[in-house]
Every structure is written in C-alpha cells, then in structure tokens.
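Below is one structure, written out as structure tokens; the observations come after it.
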Amino acid sequence: MTSGHEEGFKNPVLWVAAGVILGSHLFLWRGVSPLAGDDPSFLGARGPREIWVFVLLLSLFGLYLARENLWAGLLLIWAGVSGGHSVLIGGQPYLFVLYDLAYLAVLVGWFIFCRRLNHRKCAYLLVGLAGLNGLWAGVQWAGLDPVWKQLRPSEIPWNNQATGWLDSNANLAHFLSITGPLAMVISPWLLIPIGLPVLMATKTLPILGMTIGMIVAKRMWFRGMICFALAVLFIGIYDPPRFRGDGVRLTVIQDSLWLTQASPIFGLGPGSFKQVFPRYLALYPHNLGEIAVRNPETNIHNLQAKMPTHTEVYHHPSNELVKEIFELGWPTLVLIVAGLCYVTIRAMKTKKDKWRDAYAGAGIAFAVTMFGYQPTAVPALVVSGLCIWGIYDG
C-alpha cells in the first residue's frame with residue numbers, strides 16, 4: 001500500500017506545476033526582468049519573481065476551487081493574470097497587488113468553504129447578530145448607549161446614533177437588509193428589530209434589497225409587488241435619488257468606466273482603484289473652476305481646484321462590479337454575468353423550499369449591496385454575504 005503523501009508525489013500535475021514555477025523563477029533570476037523594462041527601482045529581479053510565482057500558485061488554487069464552483073475559480077485565475085500583467089507589464093507596485101490578490105483569494109476560498117456549512121445554524125447565527133445590532137441601534141437612538149459612546153464618541157452624532165456595532169448607519173442598514181429575508185422565514189416578528197432600523201436609516205438600496213429579498217424568500221409575487229410599490233413610495237418621500245448637487249456617485253462610476261480604456265482587457269490591476277482614481281481626481285484638468293475648502297485644523301477656507309466629486313476623494317466606486325471591471329478588465333464582466341445566469345437557471349428549476357428560498361432572497365439582497373455599495377471594504381458585510389452565497393450555492 002502507498003500513503004497519501006507518496007501518491008501526491010506521483011501526481012504529474014504537481015511535477016508540471018513545480019517545473020513551470022522553477023523555470024520561471026530561473027528565467028527572472030538576473031538583474032532586472034526584461035518584462036519590467038529598464039527601471040532599476042523595481043528591486044532587481046525580486047519583484048517579478050515574487051509576483052510570477054504568486055500568480056502561478058494562485059492559478060493552481062483557482063483550478064482547485066473551480067471543481068467546486070467554476071465561475072469563482074475562473075475569476076480568481078483571471079485576477080491573477082491581471083495582477084501579473086499590471087506588475088510585469090504595467091509597472092504597478094507589486095506589494096499592493098500581492099495584498100489585494102491574497103485578499104481576493106481568501107474571499108473566494110471563504111465562499112467555497114461556506115458551501116459545506118449548516119444552513120439552519122448559520123441562518124440563526126446571522127439573524128441573531130442582526131437582531132442584536134438592530135436592538136443596539138435603538139439604544140443608541142434613545143441616547144442610552146453605554147459602550148459605543150465611550151469607544152467612538154465622535155461617530156455617534158455623525159451617524160445619527162444608529163450604528164449598532166458596524167461603524168456607520170449605512171453599514172448597519174446593508175447588514176440588516178441581507179439578513180432580513182432569513183429573519184422573515186424564521187419568524188415575521190423578527191422584522192421589527194431588523195426591518196425598522198433599515199427604514200429609519202432611510203437608505204435606498206438596503207430598503208430595496210431587503211424588500212426584493214423578502215419577496216423572493218416567501219415567493220409572494222402579487223403581495224410582493226404591493227410591498228415593493230410602498231417601498232418605492234417611502235424612498236421617494238424620505239430618500240429621493242440625488243443625481244445632481246452632492247449626488248456624485250454617478251459621476252464616479254462614469255469616470256471609472258472611462259478610465260478603463262487605459263487597459264480594457266487586463267484592467268489596471270488588483271487594488272489599483274484606490275491608488276489611480278484619487279490621482280485622477282487631483283491631477284486631471286477638469287476645468288470646473290475653484291471651490292473654497294475649510295481646513296478643519298485652522299478653520300480657514302482655502303481655494304482649490306474643483307473636482308467632479310466636489311471636495312470628496314473616492315477610494316471606491318461604491319459598486320463592486322465597476323471596481324472589478326476597473327481593476328481586472330472587461331472580461332470580468334463576462335465571467336460575472338455568466339455565473340449569475342448559471343445560478344438563475346438553476347434556481348428557476350427548483351421547487352419551493354423554505355430554506356433554499358430564504359437564502360435565495362438573502363443572496364439577492366446581498367447582490368443589491370454588491371452593486372450599490374462597497375461590502376468588500378466592510379468585513380461584516382462581505383463575510384456574511386459570501387457565507388449566504390456559499391450556502392445557497394451548496
């Protein structure tokens with residue numbers, strides 16, 4: 001009999017991968033890689049070698065994960081290709097690319113891992129955390145918060161006292177919205193501590209996401225349309241869309257997509273948005289005139305060039321799809337749309353099931369958050385949302 005270790009060493013894929021990694025390592029051994037040009041600041045061959053080996057290993061990891069979910073595995077592989085291109089061809093700082101690729105690998109791996117989790121226990125855990133945050137927000141609204149006011153006193157008035165334990169009322173509203181469909185299936189009474197803070201936060205996307213998610217979770221198509229109409233009416237009264245004035249997100253999205261023409265196929269590289277877009281805002285001649293900006297330390301107003309985002313510098317387009325296109329190129333859109341179509345076709349073939357429908361609704365609510373907010377920058381949102389997607393996919 002042979003042990004598992006012996007069988008692993010006899011695997012030809014392992015030897016081919018080792019040969020490719022070793023060969024590329026030797027190829028990039030001398031001074032400066034020919035792929036990196038003549039820039040001596042690239043730390044010799046170290047940068048190209050590290051990113052080259054990392055991309056190869058990440059691609060192998062993507063192939064391994066593709067057995068569980070094809071689209072997630074392909075997305076990870078393409079992100080590695082984009083990262084390698086941005087460093088070896090585009091000259092991006094490899095350290096930042098390595099960080100963002102590693103973060104993406106962790107998130108994809110977490111999504112795959114969650115396919116094996118117990119759906120009932122996770123639902124009760126997520127709803128329990130949501131209920132706790134919803135009730136805590138009520139305590140904050142009443143001005144009775146005994147803990148958060150001591151930890152972050154300046155954020156209580158800034159966020160209208162309704163933050164729960166999620167730093168801002170926007171984070172709180174999005175977290176509650178993705179757990180609302182699960183709560184409704186467990187008990188409609190849970191919508192009081194979970195749904196009420198979402199309405200009181202008057203955030204458009206959480207309200208829409210939660211409403212659509214609950215319609216799907218309970219398959220209440222006719223009554224759901226009435227609920228959706230009421231939600232739209234509520235938004236129109238308390239949080240009407242602002243496309244001018246301080247509503248600059250459309251401008252950020254438009255300018256982000258315009259910048260993708262610099263590298264439409266491979267993108268500008270993983271993690272590039274938070275570096276490239278602020279530089280674009282500061283340096284590109286928008287010819288919008290000047291604006292007076294107050295210095296909070298001296299309380300003196302100074303004139304500076306007016307940006308299309310007024311005085312705000314965006315490090316995220318508040319849309320994960322736009323961010324992926326910006327950083328990984330337009331082929332990412334094809335992978336994401338194909339994956340969504342695949343899941344939708346599978347979902348249409350399923351029969352009514354309490355928990356499957358609950359996770360479908362919560363998954364749609366998280367999709368609304370993904371396409372209208374920045375959950376990858378908020379650990380509580382991305383961990384919870386990917387957990388929901390993973391359980392549903394499993």
Side-chain angles (χ1 to χ4, degrees), residues 55-56 58-86 100-101 103-116 178 205 208-209 212-213 216 253 256-257 259-261 263-273 316-351 356-357 359-376 381-382 384-394:
V55 167
L56 287 172
L58 190 67
S59 298
L60 291 175
F61 183 52
L63 286 173
Y64 175 77
L65 295 183
R67 302 185 306 170
E68 297 282 339
N69 186 285
L70 175 64
W71 309 108
L74 290 178
L75 178 63
L76 191 58
I77 293 171
W78 183 256
V81 172
S82 172
H85 177 271
S86 66
D100 282 274
L101 282 176
Y103 183 47
L104 180 61
V106 168
L107 294 181
V108 174
W110 169 248
F111 163 73
I112 297 296
F113 170 76
C114 289
R115 298 175 81 254
R116 296 171 169 81
I178 67 177
L205 288 175
L208 290 179
I212 297 172
V216 173
I253 291 175
S256 300
L257 295 177
L259 283 171
T260 60
Q261 64 184 319
S263 181
I265 303 300
F266 297 100
L268 298 173
S272 60
F273 190 94
H316 195 291
S318 294
N319 186 306
E320 296 292 350
L321 181 61
V322 173
K323 180 173 178 283
E324 297 308 310
I325 294 173
F326 185 98
E327 297 187 347
L328 306 182
W330 285 92
T332 310
L333 178 63
V334 177
L335 289 176
I336 293 175
V337 171
L340 290 175
C341 291
Y342 176 71
V343 172
T344 302
I345 293 172
R346 287 174 57 197
M348 292 175 63
K349 296 179 180 179
T350 61
K351 297 181 179 179
R356 187 190 297 119
D357 294 343
Y359 274 96
I364 289 175
F366 181 58
V368 173
T369 294
M370 288 284 284
F371 298 149
Y373 197 51
Q374 47 188 6
T376 56
L381 296 182
V382 73
S384 303
L386 290 180
C387 177
I388 289 170
W389 276 5
I391 290 175
Y392 181 72
D393 187 62

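Keep in mind that the numbers below use all heavy atoms, side chains included, and drop hydrogens, waters and symmetry copies.
Residue L328 comes nearest to W78 through the heavy atom pair O-NE1, 2.7 Å, listed as atom of the first residue, atom of the second, then distance. The two residues I265 and P331 come nearest to each other via the heavy atoms O-CD, 3.2 Å. Here the shortest heavy-atom pairing between S86 and G269 reads CB-CA, 3.6 Å. Between A72 and I112 the shortest heavy-atom distance is CB-CD1, 4.5 Å. In this structure, L101 and P270 approach most closely via the heavy-atom pair CD2-CG, 3.6 Å.
The aromatic rings of F366 and W389 sit perpendicular, their planes meeting at an angle over 60°, well past the 30° parallel limit. Under the 30°/60° scheme for interplanar angles, the aromatic rings of H316 and F273 are found to be tilted.
R356 places a side-chain N or O within donor-acceptor distance of the main-chain N or O of K351, the cut-off being under 3.5 Å. Under the 3.5 Å distance criterion, the side-chain polar atoms of S384 are left unmatched by any main-chain donor or acceptor of L381. With hydrogens and angles disregarded, a donor-acceptor distance shorter than 3.5 Å links the side chain of E320 to the backbone of T376.
No side-chain donor from either of E327 and S82 sits under 3.5 Å from a side-chain acceptor of the other.
Sparse packing is recorded around OH of Y342, with 12 or fewer heavy atoms of other residues, nucleotides or ligands lying under 6.0 Å away. Enclosure of atom OH in Y64 is not indicated, since only 12 or fewer non-hydrogen atoms of other residues, nucleotides or ligands lie within 6.0 angstrom.
Taking OG1 of T332 as the start and CG of L74 as the end, the distance is 11.5 Å to the nearest 0.5 Å.
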Passes side chain to side chain contact (heavy atoms under 4.5 Å, CB included), Y103 versus V382? Steps please.
CA-CA 12 Å; Y103 183 47; V382 73; 4.0 Å; yes
